[in-house]
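To start, the structure itself, in C-alpha cells.
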Amino acid sequence: MMPAGERNRRATSRGGFTLIELIIVVTVLGVLASVAVPKYVRTQAAAREAGAKQTLALLRAGIERFKVENGRLPTAVGFHAEVGPYVRGDFPSPGVGQRGHGILVSQTGQKNPTTINAHGAVGWLYNQTMGEIWINSDETDSEGVPYFSY
C-alpha cells in the first residue's frame with residue numbers, strides 16, 4: 001500500500017505550469033522582443049535607404065545614357081517618357097520621404113534646399129539645366145542625413 005503523503009502528491013500533481021513559470025516565460029519573451037524589434041526596425045530603415053540610393057544611381061545612369069544617345073538632357077516635362085526606357089519596369093518612386101514619382105523642376109540651376117518638398121507628394125527634384133536629380137524630401141535618414149543630399 002502507498003503511504004498517504006505519496007497519494008496526496010500524486011492526486012494534486014496535474015502536469016501544468018505554475019504561475020511563476022508562466023511569469024518567467026513571459027518575461028524572457030519580453031526581453032527578447034525588446035532586443036529584436038529595434039534591430040528589425042533599424043534593418044528596415046537601412047534597406048529603404050539603400051534602395052533609395054540605388055534608385056537614384058539608376059536614374060542618374062538613365063539620364064547619362066539619354067544624354068549620350070540624344071545629345072541633350074531630358075526635359076522635365078518629358079522626363080518619365082525620355083528616361084523611362086532606361087529604367088526597368090515602372091518609373092520608380094524614391095521609397096523614402098514623399099512616395100510619389102512626380103518630378104519637380106529646380107529653377108535655380110542648382111540643388112536648393114528651399115525648393116525641397118515644395119509640392120507635397122512629388123518625389124523627385126530634377127534640374128534640367130545640369131541634368132541632376134535628387135530626392136525631393138526634407139526628411140532625414142536613420143543617421144540624420146537629409147534625403148535630398150543623397
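Counting begins at 1 with the first residue of the sequence.
- Evaluation of the side chain to side chain contact (heavy atoms under 4.5 Å, CB included) rule for Leu32 yields Val28 as partners, not counting sequence neighbours.
- Atom CD of Gln128 sits about 6.5 Å away from atom OG1 of Thr75, to the nearest 0.5 Å.
- Here Arg72 pairs with Glu82 under the salt bridge (charged side-chain N to carboxylate O under 4.0 Å, His left out) rule; sequence neighbours left out.
- Around CG of Asp90, the count of heavy atoms belonging to other residues, nucleotides or ligands within 6.0 Å does not exceed 12.
- Under the side-chain hydrogen bond (donor to acceptor under 3.5 Å, both in side chains) criterion, Gln54 pairs with no residue, sequence neighbours left out.
- Across Pro92 and Val87, no two heavy atoms sit closer than the pair CD-CG1, 3.8 Å.
- Across Ala81 and Pro85, no two heavy atoms sit closer than the pair O-CD, 3.1 Å.
- Phe66 belongs to a hydrophobic cluster whose remaining members, ordered by chain and number, are Tyr86; membership requires side-chain heavy atoms of ILVMFWY residues under 4.5 Å apart, directly or through intermediates.
- A donor-acceptor contact shorter than 3.5 Å links the side chain of Tyr126 to the backbone of Pro74.
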Please tabulate, one pair per line, all N/O donor-acceptor pairs under 3.5 Å involving side-chain atoms of residues 55-63, not counting sequence neighbours.
{"unit_1": "Thr55", "atom_1": "OG1", "unit_2": "Gly51", "atom_2": "O", "d": "2.9"}
{"unit_1": "Arg60", "atom_1": "NE", "unit_2": "Ile133", "atom_2": "O", "d": "3.3"}
{"unit_1": "Arg60", "atom_1": "NH2", "unit_2": "Ile133", "atom_2": "O", "d": "2.9"}
{"unit_1": "Arg60", "atom_1": "NH2", "unit_2": "Tyr150", "atom_2": "O", "d": "3.0"}

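- By the salt bridge (charged side-chain N to carboxylate O under 4.0 Å, His left out) test, Glu69 pairs with Arg65, sequence neighbours left out.
- Pairs passing the salt bridge (Lys or Arg N to Asp or Glu O under 4.0 Å) check and including a residue from residues 16-43, sequence neighbours excluded, do not occur.
- With side-chain heavy atoms closer than 4.5 Å counting as contact, directly or through intermediates, the hydrophobic cluster containing Phe17 also holds Leu22.
- Val145 and Trp124 fall within a single hydrophobic cluster, where Ile, Leu, Val, Met, Phe, Trp and Tyr side chains are chained together by heavy-atom contacts under 4.5 Å.
- Looking at residues two or more places apart in sequence or on another chain, you find no side-chain hydrogen bond (donor to acceptor under 3.5 Å, both in side chains) involving Thr140.
- Between Thr129 and Asn127, the closest heavy-atom pair is N-OD1, 2.9 Å.
- In this structure, Val25 shares a hydrophobic cluster with Leu29, the cluster being traced through Ile, Leu, Val, Met, Phe, Trp and Tyr side chains under 4.5 angstrom apart.
- Between Ser142 and Ala45 the shortest heavy-atom distance is CB-CB, 4.4 Å.
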